[in-house]
Amino acid sequence: MFRQKGVAAVVAGAVYEAREIEERWRRAWEQQGKHRAVDDAARPKYYCLDMFPYPSGAGLHVGHWRGYVLSDVWSRYKRLNGYEVLHPMGWDAFGLPAENDAIKKGIHPAVGTARNIANFKTQLQSMGAMFDWSRELNTSTPEYYKWTQWIFLQLFDMGLAYRKEMPINWCPSCKTGLANEEVVDGGCERCGTPVTKKNMNQWMLKITAYADRLLEDLDKLEWPEKVRKMQANWIGRSVGARIRFAVPALGEQIEVFTTRPDTLYGATYMVLAPEHPLVSALTTAAQRDAVEQYTVSALGKSVLTRQIQDKTKTGVFTGAYAKNPLSGQDIPIWIADYVLMDYGTGAIMAVPAHDERDFEFAAAFSLPIVQVIAPVDPLSGNDASADFRTPRALGHGGGNADADELTQAYTGSGALINSGLYSGMTVEAAKRQIVADLALSGMAEETVTYKLRDWVFARQRYWGEPIPVVHCDTCGIVPVPERDLPVLLPDVERYEPTGTGESPLAAIASFVNTTCPTCGGPARRETDTMPQWAGSCWYFLRFADPHNDREPFDRDKVNHWLPVDMYIGGVEHAVLHLLYARFFTKVLADRGVIGFDEPFARLFNQGMMTLNGAKMSKSKGNVVSPEDLVGKYGTDTLRLYEMFVGPPEVDAEWNPRAIEGVHRFLSRTYRLMMEAAPSAPQAESEKLNKLRHRFVRQVTERLESFRFNTVVSAFMEYVSALRDAPERLDRATLETLAVCIAPLAPHLAEECWQALGHRESVFDSSWPAVDERYLVDDTVVIVLQINGKVRERVSIPQGASEDDVARVASEHAGFQSALGGRTVVKQVYVPGKLFNVVVR
RNA sequence: GCCGAAGUGGUGGAAUGGCAUACACGACAGACUUAAAAUCUGUUGCCCGUAAGGGCUUGCGGGUUCGAGUCCCGCCUUCGGCACCA
């Protein structure tokens with residue numbers, strides 16, 4: 001099948017031998033180092049990055065290709081537009097799947113990972129992308145993770161890495177702690193196993209210290225609105241107040257967080273999370289059994305049942321009372337698992353009249369409900385609260401509106417009632433005033449709370465970066481000095497997770513036992529490793545200077561290439577990798593290591609590829625592998641199909657037959673080119689110039705706006721038009737076609753470029769400019785409408801006036817008969833488009 | 001429950017408020033062929049009609065406009081995210 005065929009030998013009826021063409025050009029590009037990004041090039045830089053893959057054993061399928069094709073088309077387009085493009089690739093190689101796979105198959109994760117990487121690399125190379133392989137990196141190599149550990153030490157030194165004993169998310173199947181972000185629907189992000197809570201002393205990163213900046217700086221980013229919203233929601237900034245309630249009987253105070261201090265008069269009871277530290281002290285003897293029983297059962301529930309599945313309200317009275325700081329009333333203190341220990345202060349003031357959850361709870365336990373906000377119709381100023389009450393008056397209140405029973409919590413705005421001095425104030429004014437008044441006696445202050453929690457940064461697993469600290473009985477926690485990095489992950493026989501809360505490294509005496517860098521005494525190494533996300537938090541920086549062994553990267557190089565101009569990947573990382581990477585970048589910026597504080601200026605999320613409506617995955621058995629398709633049609637066909645399948649940001653169903661159409665198009669293009677190139681005249685024709693400049697404008701616009709599916713149809717239409725053109729195709733026409741198709745089908749484009757007599761690469765040419773002169777026509781076809789309905793089409797001179805057009809219409813027999821002599825009420829003329837007559 | 005996205009032919013989809021259904025797949029018909037494949041040409045939204053022609057059509061119902069797939073209001077459906085966050 002492999003026929004050596006020189007370009008010059010190609011004659012009419014040429015067969016498009018994609019495989020042969022593609023292999024030849026791939027070799028040529030590699031030999032010429034065509035894709036190497038030059039650090040000090042004169043051209044402006046452009047950094048186009050893919051979310052680097054985790055090299056799984058399953059290999060890549062056509063869904064993975066989609067994003068990589070997209071970024072490659074964009075990179076090549078940018079290159080043709082005069083940029084020095086950095087388009088690197090590497091491997092996110094630490095992580096659980098490799099380790100689990102290793103345990104199952106008895107192959108060391110380093111070995112399995114190396115094998116997978118080799119496979120991935122072959123696959124990616126077959127794509128013909130302009131990856132700069134000289135910058136390839138692997139997060140699991142000591143050369144790389146040395147600097148991941150170095151960054152950890154910076155965090156530690158800045159007080160952003162700390163150890164804490166607290167209940168964290170625990171996956172019983174993966175036998176490791178998890179970050180909040182890794183819990184999806186109450187299950188482990190990796191394996192879906194319901195997550196439990198486990199009290200552990202481990203490493204945390206203080207990402208909450210950056211909550212405000214992570215939120216505010218979202219505005220600086222050219223990211224999909226959806227992802228910015230997801231991050232904003234995840235950070236969950238909430239402005240409110242801390243208010244302290246006295247418990248006079250015990251001389252204690254309970255602090256709550258609320259966003260509704262205006263409803264304080266309506267706080268008729270309090271609720272503490274079952275884990276709240278004051279629970280035991282508050283509980284009276286009579287209630288102790290019930291409280292303890294409830295606490296045990298609440299803590300025994302999985303996250304899934306407690307927070308997601310079962311929202312019926314349960315709780316127990318502690319027997320204690322607190323004093324409402326405004327009304328002075330004694331209000332009962334309950335515990336209930338609808339209050340979460342790790343948000344706010346773990347305690348709330350319950351205002352059943354104006355909070356849905358409190359309302360439900362009060363209804364379930366017959367607690368008093370006092371309405372303190374009356375809805376006000378913003379237009380009339382009238383009390384509209386009747387809408388929120390039952391129409392019937394209830395026994396105890398008679399006709400008195402204030403005593404009518406609420407059927408649901410009223411959470412809207414309005415004016416205060418039943419609130420002493422504050423009655424009559426608006427919600428907004430009362431929020432400020434009440435906090436300000438309580439602040440005078442130190443009972444409250446304004447505050448901000450976040451949903452975002454600090455990042456649980458330790459994993460009790462083997463295959464990750466060892467956390468570079470030692471524990472010394474004398475000196476406490478001591479960071480490993482920079483000169484001793486990397487702390488090597490020991491090569492061991494057994495790496496099964498222990499499940500005890502300790503990593504397998506704890507069992508390796510030679511690793512654990514060390515000396516304290518400070519006092520020289522005996523010490524123990526930290527045995528937890530970093531989570532999988534650690535390496536990906538800064539790899540985009542390392543690509544700027546990937547082989548530096550003296551520092552994580554050269555400062556000038558990183559400041560030259562970064563921020564990433566275009567970052568392409570799946571939306572599944574919206575609040576994981578993308579949030580973590582932003583956090584690391586800000587920390588390093590604060591540390592003075594880099595000169596920018598956002599890593600990714602622009603983000604694009606490609607849609608996933610589905611087969612039979614489901615996301616492709618090997619476990620579901622619905623993957624389409626690129627190898628067969630590349631073998632049958634060639635890489636350029638598959639690349640083009642990945643573009644043509646639909647809008648790039650939308651999920652697309654794989655259609656095995658539609659790829660034929662794309663291949664037919666490339667074959668036609670190839671034949672057209674090979675037949676026309678040898679004898680293409682220099683002289684240009686007006687008609688072909690018009691076609692050409694219109695085409696370039698269209699393709700450029702569509703590329704710029706990321707409408708790649710319509711870019712492909714523009715090519716199809718253009719090539720059809722060229723095939724139908726009676727005149728011989730001139731050089732400019734053919735060269736433009738070759739250059740424009742180069743980002744999409746680079747191999748075919750090189751082949752055509754050569755056939756046109758060029759010795760240098762098509763990528764050393766430049767994207768064609770549009771000459772506006774060719775975009776205007778002497779005559780234009782406009783439609784004649786009656787009441788907005790198209791009746792006739794007429795050709796008129798460019799720039800004709802409304803009167804001209806009206807005359808043409810009045811002389812048009814067909815149009816006049818359609819008009820049928822009806823009275824013309826109005827006429828509308830849109831130059832170059834239409835003439836609409838409104839009749840009665 | 002809250003937030004967001006999307007509903008257009010048999011299918012994937014196209015369309016700065018201005019000719020709805022580009023481009024492609026599929027289907028049908030034809031050319032070439034002994035035949036098939038490949039290639040090429042034509043037809044192809046729905047309904048009525050032999051035809052000429054006419055009517056209808058962008059999830060549903062209203063509205064704004066000379067004109068709405070596109071803008072506004074109210075629904076329905078599907079998908080994604082968050083979810084007892086005080």
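The basis for the numbers below is simple: all heavy atoms, side chains too, and nothing from hydrogens, waters or symmetry mates. Note on naming: letters A, B, ... go to the chains in the order of the sequence lines (proteins, then strands), and numbering restarts at 1 for each one. Given the structure is predicted, the values throughout are model-derived calculations rather than measurements.
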Length of the line joining A/His663:NE2 and B/A37:C1', which is rounded to integer Å: 15 Å
B/G26 pairs with, by Watson-Crick or G-U criteria that keep both distances under 3.5 Å: B/U44
Touch class at under 4.0 angstrom, heavy-atom based, for A/Val828 against every strand present: base
Candidates B/G81, B/G18, B/C56 - which lies nearest the side chain of A/Lys789: B/C56
From B/C25, B/A86, B/G18, nucleotide with atom closest to A/Ala658 side chain: B/C25
Base-pairing mate for B/U70 - Watson-Crick or G-U, with both contacts under 3.5 Å: none
Candidate nucleotides B/G4, B/U16, B/C66, ranked by approach to the side chain of A/Lys833 - the nearest: B/U16
Short side-chain N/O contact to B/C40 OP1/OP2 from A/Arg664, under 4.0 Å: no
Between B/G13 and B/A24 - C1' atom distance, rounded Å: 8 Å
Intermediate values then yes/no, side chain to side chain donor-acceptor pair (under 3.5 Å), A/Tyr580 and A/Glu181: CA-CA 10 Å; A/Tyr580 296 152; A/Glu181 289 79 12; 2.7 Å; yes
Length of the CZ-P vector between A/Arg237 and B/C3, whole Å: 20 Å
Nearest-neighbour nucleotide for the A/Pro647 side chain, B/A14, B/U41, B/C56 considered: B/A14
Sugar-phosphate, base or nothing in reach of A/Ser720, heavy atoms under 4.0 Å: nothing
Atom-to-atom span, CD of A/Gln785 to C1' of B/G17 - whole angstrom: 12 Å
Short N-O contact, A/Glu225 and A/Arg228, less than 4.0 angstrom: yes
Paired nucleotide for B/U64 [Watson-Crick or G-U wobble; both distances under 3.5 Å]: none
Of A/Arg702 and A/Glu356, the one whose closest RNA chain B nucleotide lies more 5': A/Glu356
Considering all heavy atoms, the nearest A/Val645-A/Met609 contact: CG1-CE, 4.2 Å
Whole-angstrom distance between B/U65 and B/U70, as gauged at atom P: 16 Å
Proximal nucleotide (of B/C23, B/A86, B/A15) relative to the A/Arg707 side chain: B/A15
Rounded P spacing from B/U78 to B/U39 in Å: 41 Å
Identity of whatever pairs with B/G80 - Watson-Crick or G-U, under 3.5 angstrom: B/C3
Spacing of A/Phe715 atom CZ relative to B/A22 atom P, expressed in whole Å: 21 Å
A/Arg671, nearest nucleotide to its side chain (from B/G18, B/C40, B/G12): B/C40
Separation of the P atoms in B/C56 and B/G67, to the nearest angstrom: 16 Å
Nucleotide paired to B/A52 in any strand shown, Watson-Crick or G-U, under 3.5 Å: none
Closest approach of A/Thr345 to A/Phe257 (non-hydrogen atoms, all atoms of both residues): OG1-N, 3.6 Å
Any A/Asn709 side-chain N or O less than 4.0 Å from OP1/OP2 of B/G12: no
Sub-6.0 Å ring centroid separation between A/Phe708 and A/Phe706: yes
Inter-nucleotide P distance (B/C23, B/C40), Å rounded: 15 Å
Any A/Arg723 side-chain N or O less than 4.0 Å from OP1/OP2 of B/C40: yes
Donor-acceptor pair (no angle test) under 3.5 Å: A/Lys451 side chain, B/C82 base: no
Nearest-Å distance once atom P is located in both B/C46 and B/C28: 15 Å
Validation row, ring centre A/Phe665 to ring centre A/Phe644 under 6.0 Å: no
Distance in angstrom units between A/Arg228 CZ and B/C3 C1', rounded: 15 Å
Sugar-phosphate, base or nothing in reach of A/Gly344, heavy atoms under 4.0 Å: nothing
Whole-Å gap separating C1' (B/A24) and CD (A/Glu642): 16 Å
Atom-pair distance (CG on A/Leu834; C1' on B/A15), nearest Å: 15 Å
Touch class at under 4.0 angstrom, heavy-atom based, for A/Val830 against every strand present: base
Shortest side-chain distance from A/Arg657, nucleotide among B/G18, B/A86, B/C25: B/C25
B/A14 pairs with, by Watson-Crick or G-U criteria that keep both distances under 3.5 Å: none
Nucleotide of B/C40, B/G80, B/C82 approaching A/Lys226 most closely (side-chain heavy atoms): B/G80
Closest-nucleotide 5' rank along RNA chain B - winner of A/Lys229 and A/Val575: A/Lys229
Short side-chain N/O contact from A/Thr710 to OP1 or OP2 of B/G13, under 4.0 Å: no
Whole angstrom value for the distance that separates C1' of B/U39 from CD of A/Glu660: 13 Å
A/Arg244/A/Glu445 ion pair, N-O < 4.0 Å: yes
Identified pairing partner of B/A31, criterion: Watson-Crick or G-U wobble below 3.5 Å: B/U39
Modelled atom types, side-chain donor and acceptor of A/Asn655 and A/Tyr641, under 3.5 Å: no
In B/G9, glycosidic geometry as syn within 90° of 0 or anti otherwise: syn
Nearest-Å distance once atom C1' is located in both B/A37 and B/G4: 49 Å
Who pairs with B/U58 - Watson-Crick or G-U, where each distance is under 3.5 Å: none
Option passing side-chain contact (heavy atoms from CB on, under 4.5 Å) with A/Tyr338 (candidates A/Thr314, A/Asp358, A/Thr312): A/Asp358
Among B/A83, B/G18, B/A86, the one nearest A/Trp234 by side-chain distance: B/A83
Side chain of A/Ser713 (C-beta onward), nearest among B/A22, B/A24, B/A86: B/A22
Atom P, compared across B/C75 and B/C3: separation rounded to whole Å: 13 Å
